[in-house]
**Q** 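Here you go, one structure.
From a predicted model like this one, the values you see are computed outputs, not experimental measurements. Values below: all heavy atoms of this structure, side chains included; hydrogens, waters and symmetry mates excluded.
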Amino acid sequence: SMTVTELAINITPTADVICVGESVQLNTEISGPGGEYEYSWTSIPEGFESDEANPTVMPEVTTTYIVSITDGMIETGNQVSIEVNPLPELTLSDDMLICIGDSAMFDAGMGHTEYLWTTGDTTSMIYAKTTGWYGVTVWNEFGCYAMDSAYLDVMMMPEKTSLSGPADVDIYVGTTS
């Protein structure tokens with residue numbers, strides 16, 4: 001009687017749920033008769049092809065990866081899906097210029113599940129009065145994050161300068177950070 005050895009391949013991804021921009025390694029393990037195997041990977045949606053045993057992928061949308069292996073006689077395969085979650089959309093306001101004594105508002109927008117400013121604040125908006133960079137990280141419900149920053153320049157009080165003539169001109173002096 002002939003013994004047929006079962007050939008199987010398992011795929012263990014380093015993560016099966018990721019955020020856009022993250023990569024995953026698809027680690028394979030073969031059980032069955034020893035020998036040399038050829039790997040052939042494809043994907044749904046189409047676009048990925050590889051002949052590596054443990055390829056690294058960076059899908060932009062949820063993708064199913066399909067591998068088939070053969071030793072020239074027996075062929076088998078398997079597949080794995082990687083779920084890809086979107087990043088939050090974040091646009092902090094442009095750099096701002098204010099006079100000393102005024103305050104500027106930086107707004108990270110509503111609808112994020114978590115906020116963390118470089119100031120330590122955890123609100124969706126902050127008020128700032130001092131020159132410097134203000135950065136924020138926001139998270140969405142999938143745990144994916146985005147970062148942005150803006151610069152605030154605070155001008156010192158105008159100095160009154162008399163010119164020839166009745167008009168006074170305000171000269172603004174920028175503070176150095």
Side-chain angles (χ1 to χ4, degrees), residues 11-28 41-50 52 54-65 79-177:
I11 310 168
T12 308
T14 50
D16 54 12
V17 180
I18 63 167
C19 301
V20 169
E22 295 178 338
S23 60
V24 171
Q25 187 166 17
L26 307 175
N27 295 310
T28 59
W41 291 88
T42 55
S43 65
I44 302 170
E46 292 180 358
F48 178 76
E49 290 180 12
S50 176
E52 292 179 42
N54 307 303
T56 297
V57 297
M58 194 187 290
E60 292 179 16
V61 295
T62 296
T63 301
T64 300
Y65 294 94
Q79 63 183 51
V80 66
S81 274
I82 307 298
E83 184 183 330
V84 181
N85 288 314
L87 303 180
E89 295 198 14
L90 170 64
T91 310
L92 207 53
S93 44
D94 293 331
D95 296 349
M96 283 196 267
L97 179 63
I98 60 170
C99 292
I100 197 161
D102 292 342
S103 64
M105 186 187 78
F106 291 109
D107 188 354
M110 301 296 288
H112 306 296
T113 55
E114 201 177 333
Y115 300 81
L116 181 59
W117 295 85
T118 47
T119 57
D121 290 294
T122 55
T123 49
S124 65
M125 58 182 68
I126 61 166
Y127 293 91
K129 293 186 171 192
T130 55
T131 293
W133 284 98
Y134 291 85
V136 65
T137 305
V138 300
W139 285 264
N140 62 17
E141 65 270 30
F142 305 111
C144 302
Y145 67 91
M147 302 166 72
D148 198 7
S149 61
Y151 191 76
L152 176 62
D153 201 0
V154 181
M155 307 298 267
M156 291 203 260
M157 285 306 273
E159 300 167 5
K160 297 286 182 194
T161 308
S162 46
L163 298 174
S164 56
D168 279 353
V169 176
D170 289 347
I171 299 174
Y172 286 84
V173 183
T175 58
T176 53
S177 51

**Q** Crowded around M110 CE? As in, over 12 foreign heavy atoms under 6.0 Å?
**A** no
**Q** Where the side chain of D121 meets the backbone of T123, is there a donor-acceptor pair that is under 3.5 Å apart?
**A** no
**Q** Output all residues satisfying side chain to side chain contact (heavy atoms under 4.5 Å, CB included) with E60, sequence neighbours left out; order by chain, then residue number.
**A** none
**Q** Using a 3.5 Å distance criterion without hydrogens, assess whether the side chain of N54 forms a donor-acceptor pair with backbone atoms of T28.
**A** yes
**Q** Return yes if some donor-acceptor pair links the side-chain N/O of T62 with the main-chain N/O of V84 below 3.5 Å, else return no.
**A** yes
**Q** Any side-chain heavy-atom pair from S149 and T118 closer than 4.5 angstrom?
**A** no
**Q** Does L87 form a side chain to side chain contact (heavy atoms under 4.5 Å, CB included) with C19? I'd like the steps, not just the answer.
**A** CA-CA 7 Å; L87 303 180; C19 301; 3.9 Å; yes
**Q** Looking at Q25, is its backbone amide N or carbonyl O close enough to the side chain of T14 to form a donor-acceptor pair, meaning the two atoms are under 3.5 Å apart?
**A** yes
**Q** For the residue pair I18 and P59, establish whether any side-chain heavy-atom pair is separated by less than 4.5 Å.
**A** yes
**Q** State whether the side chain of Y134 and the backbone N or O of Y127 hold a donor-acceptor pair below 3.5 Å, judged by distance alone.
**A** no
**Q** Using the rule given for side chain to side chain contact (heavy atoms under 4.5 Å, CB included), can you reason through L92 versus V136, listing the C-alpha separation, both sets of side-chain angles and the distance that settles it, and then say yes or no?
**A** CA-CA 8 Å; L92 207 53; V136 65; 4.0 Å; yes
**Q** Using every non-hydrogen atom in the two residues, find where A150 and D95 come nearest and quote the distance to one decimal.
**A** CA-OD1, 3.5 Å
**Q** Which residues pass the side chain to side chain contact (heavy atoms under 4.5 Å, CB included) test with T137, not counting sequence neighbours?
**A** W139, Y145, M147
**Q** Is it true that, when you exclude E141 itself, more than 12 heavy atoms of the residues, nucleotides or ligands shown sit nearer than 6.0 Å to its CD?
**A** yes
**Q** I want to check something: taking the side chain as every heavy atom from C-beta on, are V80 and D16 in contact at a cut-off of under 4.5 Å?
**A** no
**Q** Rounded to the nearest 0.5 Å, what's the gap from CG on L26 to OG1 on T56? Could you check?
**A** 7.5 Å
**Q** Test your reading of the model: is there a side-chain donor-acceptor pair from N140 to the backbone of P86, 3.5 Å cut-off?
**A** yes
**Q** Which class fits the ring pair F48 and W41: parallel under 30°, tilted 30 to 60°, perpendicular over 60°?
**A** perpendicular
**Q** I'd like to know if the side chain of T131 and the backbone of V154 have a donor-acceptor N/O pair within less than 3.5 Å.
**A** yes
